[in-house]
Asker: 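Encoded as structure tokens, here's the structure I'll be asking about.
Source: prediction; values computed, not measured.
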Amino acid sequence: QVQLVESGGGLVQAGGSLRLSCAASGRTNSARAMGWFRQAPGKEREFVAAINWSSGSTYYADSVKGRFTISRINAANTMYLQMNSLKPDDTAVYYCAAGFGTRYGPPYYSRPLYYDTWGQGTQVTVSS
């Protein structure tokens, strides 16, 4: 069983940067991909970024391309989301997730149903 814990959220000014971490425990070597999602109040959970755990290939939502970077340190069972040029619209609870399915690629990594395990979320607030 895999357990995920996000950290690094907080309050930041527009244009600033923040780095989120997702620490995984358990059988993380079995994960095919891990991703970041976010959910603002009253909004649907939104795909942010994903990474193929073994290859390191990355995928991003159009809204964050060029601003956010997803990465991982396999040996540390840790995933990161570096967020730069933050906007107020980035304000949300950010969740990390791990998927263990056989499918791969952007059409699947962007779907919440692909993921089997979720963290509890960390709040990111971007002020104007």
Side-chain angles (χ1 to χ4, degrees):
Q1 185 174 348
V2 175
Q3 185 169 342
L4 306 176
V5 179
E6 302 95 336
S7 62
L11 176 65
V12 65
Q13 302 94 330
S17 298
L18 206 61
R19 188 180 74 166
L20 306 183
S21 299
C22 176
S25 61
R27 298 176 61 86
T28 55
N29 61 316
S30 298
R32 180 172 297 276
M34 295 185 67
W36 288 97
F37 289 75
R38 65 188 183 186
Q39 189 165 23
K43 296 290 189 66
E44 183 177 299
R45 187 164 296 191
E46 176 188 21
F47 170 72
V48 176
I51 186 167
N52 181 288
W53 198 250
S54 60
S55 71
S57 298
T58 58
Y59 313 90
Y60 298 93
D62 289 342
S63 60
V64 306
K65 284 182 179 177
R67 299 190 298 121
F68 291 10
T69 303
I70 188 172
S71 62
R72 93 291 196 211
I73 301 177
N74 296 43
N77 295 325
T78 304
M79 180 176 65
Y80 302 98
L81 184 68
Q82 178 66 46
M83 305 184 294
N84 299 324
S85 302
L86 283 162
K87 307 173 182 179
D89 286 348
D90 295 319
T91 296
V93 177
Y94 283 70
Y95 300 89
C96 65
F100 300 88
T102 59
R103 296 179 175 89
Y104 61 92
Y108 303 99
Y109 297 164
S110 62
R111 298 170 57 201
L113 290 177
Y114 172 84
Y115 298 92
D116 305 288
T117 304
W118 294 80
Q120 83 288 350
T122 185
Q123 176 71 47
V124 172
T125 302
V126 184
S127 62
S128 301

Asker: Measuring centre to centre across the rings, with the benzene-like ring taken for any Trp, is F37 within less than 6.0 Å of Y95?
Answerer: no
Asker: Between SG of C96 and CD of E6, what distance do you get to the nearest 0.5 Å?
Answerer: 3.5 Å
Asker: Distance from M34 atom CE to L4 atom CG, nearest 0.5 Å?
Answerer: 4.5 Å
Asker: At their closest point, which heavy atom of Q123 faces which heavy atom of A92, and how far apart are they?
Answerer: NE2-O, 3.4 Å
Asker: If we only count heavy atoms from C-beta on, is the V124 to L18 side-chain gap below 4.5 Å?
Answerer: yes
Asker: Shared ILVMFWY cluster between W118 and V93, side chains joined below 4.5 angstrom?
Answerer: yes
Asker: I need the minimum non-hydrogen distance between T69 and Y60, along with the two atoms involved.
Answerer: CA-OH, 3.3 Å
Asker: Let me confirm one number: the OG1-CD distance from T117 to Q3, rounded to the nearest 0.5 Å.
Answerer: 9.5 Å
Asker: Are R19 and Y80 linked by a side-chain donor-acceptor pair shorter than 3.5 Å?
Answerer: no
Asker: Please check if F100 and Y115 belong to a single hydrophobic cluster, counting links between Ile, Leu, Val, Met, Phe, Trp and Tyr side chain heavy atoms closer than 4.5 Å.
Answerer: no
Asker: M79 and side-chain contact (heavy atoms from CB on, under 4.5 Å): which partner among I70, N74, I73?
Answerer: I70
Asker: Of all the heavy-atom pairs spanning L20 and M83, show the shortest one and how long it is.
Answerer: CG-CE, 3.7 Å
Asker: What's the separation between atom OG1 in T125 and atom CD in Q13, rounded to the nearest 0.5 Å?
Answerer: 12.0 Å
Asker: Quick one: pull up OG in S17 and CZ in F68 and give me the separation to the nearest 0.5 Å.
Answerer: 9.5 Å
Asker: In terms of hydrophobic clusters joined by side-chain contacts under 4.5 Å, are L86 and V64 together?
Answerer: yes
Asker: If only side-chain N and O atoms count, and only distance matters, is there a donor-acceptor pair under 3.5 Å linking Y109 with N52?
Answerer: yes
Asker: One thing to verify: whether D90 and K87 come together as a salt bridge, which I'm taking to mean a side-chain N less than 4.0 angstrom from a carboxylate O.
Answerer: no
Asker: Looking only at non-hydrogen atoms, find the nearest pair between S54 and R72 and report the distance.
Answerer: O-NH2, 3.2 Å
Asker: Are S127 and L11 side-chain neighbours, meaning at least one heavy-atom pair lies under 4.5 Å?
Answerer: yes
Asker: Under the 3.5 angstrom rule, does the side chain of T91 hit a backbone N or O of V126 as a donor-acceptor pair?
Answerer: yes
Asker: Could you check Y114, Y108, W53 and say which one makes a side-chain contact (heavy atoms from CB on, under 4.5 Å) with R32?
Answerer: Y114
Asker: Could you state whether Y104 and Y59 fall into the same hydrophobic cluster, counting links through intermediate Ile, Leu, Val, Met, Phe, Trp or Tyr residues with side-chain heavy atoms under 4.5 angstrom apart?
Answerer: yes
Asker: Within this structure, what is the OG-CD1 distance for the pair S57 and I51, rounded to the nearest 0.5 Å?
Answerer: 8.0 Å
